[in-house]
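Structure first, commentary second.
Order of listing sets the numbers, starting from 1, for every ligand and every atom in it. In this chain, numbering begins with 1 at the start of the sequence shown.
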Amino acid sequence: MAPLPSRVLTFAVLPSIILVALCSLADCYDPLDPNGNITVTFDIHQYTSDGYVARITIQNYYQYRHVDKPGWTLGWTWAKDEVIWSMSGAFATQQGNCSAFKTQAHSCVKDPVILDLMPDALPENRSEDCCRGGLLSAWAINPSKSFSSFEITVGNLGANSSWSAPQNLTLMAPGPGYTCGQVLDTDPTVSSDIDGRRHVQVYRTWSSTCTYSSFLANKTPMCCASLSAFYSPTITSCPKCSCGCREADKTSGPCISTSDNYLSSEITNNPDLVQCTDHMCPAGVHWHIKNIYMNQWRVKLTISNYNYQRNFLDWNVLVQHPGFSQPATVYSFNSTMLPTDGFGDEVALLWGIEYYNTELLNADGDQLGSVTTEILLNKDADSFTLRNGWAFPRRIYFNGENCKMAVPDTFPMLPNGSSSLRSTYCQILLVFLALITLLLLGFDQ
Ligand SMILES: *[C@@H]1O[C@H](CO)[C@@H](O)[C@H](O)[C@H]1NC(C)=O
Ligand SMILES: *[C@@H]1O[C@H](CO)[C@@H](O)[C@H](O)[C@H]1NC(C)=O
Ligand SMILES: *[C@@H]1O[C@H](CO)[C@@H](O)[C@H](O)[C@H]1NC(C)=O
Ligand SMILES: *[C@@H]1O[C@H](CO)[C@@H](O)[C@H](O)[C@H]1NC(C)=O
Ligand SMILES: *[C@@H]1O[C@H](CO)[C@@H](O)[C@H](O)[C@H]1NC(C)=O
Ligand SMILES: *[C@@H]1O[C@H](CO)[C@@H](O)[C@H](O)[C@H]1NC(C)=O
Ligand SMILES: *[C@@H]1O[C@H](CO)[C@@H](O)[C@H](O)[C@H]1NC(C)=O
């Protein structure tokens with residue numbers, strides 16, 4: 001009496017697999033973060049004789065996608081003959097041809113490109129909430145560091161104050177993948193003053209929303225997931241060629257085997273150099289079902305870095321699993337639950353604890369960089385089971401990128417012992433039911 005384990009699970013997981021497949025094909029939004037975006041606002045809060053002073057804010061609303069090193073790059077095209085007289089909290093990469101002006105100008109190019117200042121910028125170059133080296137935290141992890149602001153003084157507009165918003169906003173954060181909408185007039189930004197008792201508003205606000213598409217970013221996958229359980233000797237490893245194949249595929253990065261005698265100069269010259277594996281991913285996440293107790297179950301989660309050059313600062317991992325509907329204890333990572341708005345299973349977001357494991361170190365020789373935690377989950381009596389691979393995650397993301405995972409058919413399975421135990425129970429139950437039926441029939445006559 002063999003159960004139909006994989007088929008049942010396949011049905012449960014199929015819709016989400018289809019969604020993920022669609023996402024990788026088209027410019028699709030992330031169903032786990034449907035409202036995620038980066039919003040750029042221009043708040044005009046002062047008029048000048050020939051223009052205005054604006055505070056520009058880049059706010060990352062992505063729940064678990066941060067802007068990593070080397071940071072954001074913002075660009076736009078002026079609608080008229082604007083020049084930037086001065087700027088604080090950031091700088092334009094080109095000054096351009098300012099020979100038409102008698103006073104010194106910061107940038108006279110038609111399409112300025114702006115970069116953030118470093119945290120050690122001089123006080124005279126700073127503005128409020130500035131200078132993070134272009135890094136923005138994910139919104140669900142650290143909202144206080146999820147935005148960056150800078151001030152520009154725009155002029156050369158004459159006395160005519162019918163200004164136009166900048167056009168064709170571009171955002172690299174840090175690479176391509178972001179598309180920004182038109183810069184539009186919106187309700188003026190309101191902020192509070194005098195301990196929140198007074199509200200002040202800027203004269204005028206323009207804003208644009210930028211969204212990410214991994215399809216546009218054209219990135220090779222960067223993560224894969226492997227699975228194991230105490231009840232099975234099988235380890236479901238990362239699917240082969242998850243992030244590229246070892247030799248045949250020339251698009252995948254270079255790799256070295258730990259047994260190779262490599263030169264250290266070879267490593268430093270290759271930022272994408274990873275340890276040779278069947279999956280070739282720079283990062284891997286392993287989910288091991290460790291123990292089952294009366295009312296709880298324990299998982300060990302390990303994140304490994306196969307890259308020899310890159311360490312992942314402020315990494316995060318997202319796990320979608322129905323078990324998170326019950327309170328869980330995450331021992332060595334910081335964690336929060338994300339709203340799912342009734343879509344699919346619960347989603348837990350995990351990241352490092354400050355001064356302890358926020359940095360996932362690069363691989364070194366035979367040693368992989370890794371961070372690990374145990375998670376103690378409570379059992380929900382109605383749904384908990386070890387059957388059909390239920391205890392494995394539905395989806396795992398690393399730094400906002402979907403981790404390739406094997407199909408449920410290959411998940412570690414319960415040994416036959418327990419299923420025959422189950423069928424014995426079934427047989428006893430059937431006999432019992434038959435007896436009752438017989439009794440009732442007998443009663444009838
Ligand atoms: C951008 O994100 C914010 C916060 O999630 C949301 O309120 C806003 O509607 C989003 N904007 C767009 C255009 O989706
Ligand atoms: C710089 O701008 C001035 C005034 O607009 C112009 O006359 C001059 O030719 C420009 N120089 C260059 C090198 O483009
Ligand atoms: C910082 O300010 C000084 C003096 O105001 C200026 O000379 C310098 O170019 C500024 N540096 C940057 C990076 O904006
Ligand atoms: C301001 O500019 C607009 C269009 O650029 C024009 O229609 C208007 O007449 C100008 N006003 C003044 C006072 O120059
Ligand atoms: C903005 O981009 C559109 C389409 O690429 C282009 O037609 C338009 O000329 C651009 N506007 C400016 C001011 O560069
Ligand atoms: C967890 O993250 C929150 C928000 O970033 C932070 O305030 C808190 O201190 C963190 N806890 C630990 C133990 O790192
Ligand atoms: C368990 O059952 C499957 C199919 O019923 C069979 O192929 C497999 O050999 C069995 N394994 C053991 C360890 O008995």
Side-chain angles (χ1 to χ4, degrees), residues 27 37-42 44 46 48 50-58 67 69-136 147-158 160-186 204 206-213 215-218:
D27 184 10
N37 66 65
I38 294 184
T39 300
V40 181
T41 48
F42 293 71
I44 297 174
Q46 196 184 322
T48 59
D50 69 340
Y52 55 87
V53 182
R55 180 171 53 244
I56 299 175
T57 304
I58 305 175
V67 179
K69 275 184 218 165
W72 52 261
T73 303
L74 186 69
W76 63 79
T77 306
W78 288 120
K80 294 180 178 168
D81 295 321
E82 290 92 337
V83 297
I84 302 173
W85 289 127
S86 65
M87 187 176 313
S88 57
F91 63 97
T93 56
Q94 302 288 330
Q95 183 177 32
N97 179 3
C98 295
S99 63
F101 307 104
K102 290 194 182 69
T103 49
Q104 171 109 22
H106 183 81
S107 176
C108 308
V109 293
K110 182 89 178 153
D111 46 359
V113 171
I114 316 293
L115 292 179
D116 200 4
L117 288 168
M118 288 299 159
D120 61 0
L122 295 172
E124 65 262 34
N125 298 71
R126 302 181 72 95
S127 66
E128 218 181 315
D129 299 316
C130 82
C131 315
R132 301 209 162 107
L135 308 186
L136 301 178
F147 66 95
S148 203
S149 284
F150 59 93
E151 296 250 344
I152 60 173
T153 305
V154 180
N156 196 36
L157 284 163
N160 195 335
S161 64
S162 69
W163 315 314
S164 303
Q167 296 177 350
N168 294 1
L169 203 70
T170 57
L171 177 70
M172 308 277 273
Y178 286 87
T179 314
C180 300
Q182 219 183 327
V183 186
L184 295 173
D185 255 302
T186 53
R204 191 168 178 185
W206 293 317
S207 104
S208 166
T209 306
C210 310
T211 50
Y212 178 80
S213 146
F215 178 67
L216 278 183
N218 198 17

Least distance between heavy atoms, Ala217 atom then Pro176 atom: CB-O, 3.6 Å
Among all residues two or more places apart in sequence or in another chain, which pass the ring pair (Phe, Tyr, Trp, His ring centres under 6.0 Å) test with Phe91? none
Would you verify whether the NZ or CZ of Arg204 falls within 45 degrees of the ring axis of Tyr52 while also being under 6.0 Å from that six-membered ring's centre? no
Result of checking Thr153, Leu157, Asn156 against Val83 for side chain to side chain contact (heavy atoms under 4.5 Å, CB included): Asn156
Minimum heavy-atom distance between Thr57 and Ser149, given as atom pair plus value: OG1-OG, 3.0 Å
Does an N or O from Glu124, backbone or side chain, lie closer than 3.5 Å to an N or O of ligand 3? no
If you look at every heavy atom in Pro174 and Val67, which pair is closest and at what distance? N-CG1, 4.3 Å
From the options Ile114, Val113, Asp111, select the one residue that forms a side chain to side chain contact (heavy atoms under 4.5 Å, CB included) with Trp76. Ile114
Is it the side chain, the backbone, both or neither of Leu117 that has a heavy atom closer than 4.0 Å to ligand 3? side chain
Quick one: table the atom pairs, ligand 5 N or O against protein N or O, below 3.5 Å, distance rounded to 0.1 Å.
residue  : atom   : partner : partner atom : Å
ligand 5 : 2 (O)  : Asn168  : OD1          : 3.2
ligand 5 : 2 (O)  : Asn168  : ND2          : 2.2
ligand 5 : 11 (N) : Asn168  : ND2          : 3.1

What atoms of ligand 2 come within less than 4.0 Å of a heavy atom belonging to Ser99? 1 (C), 2 (O), 3 (C)
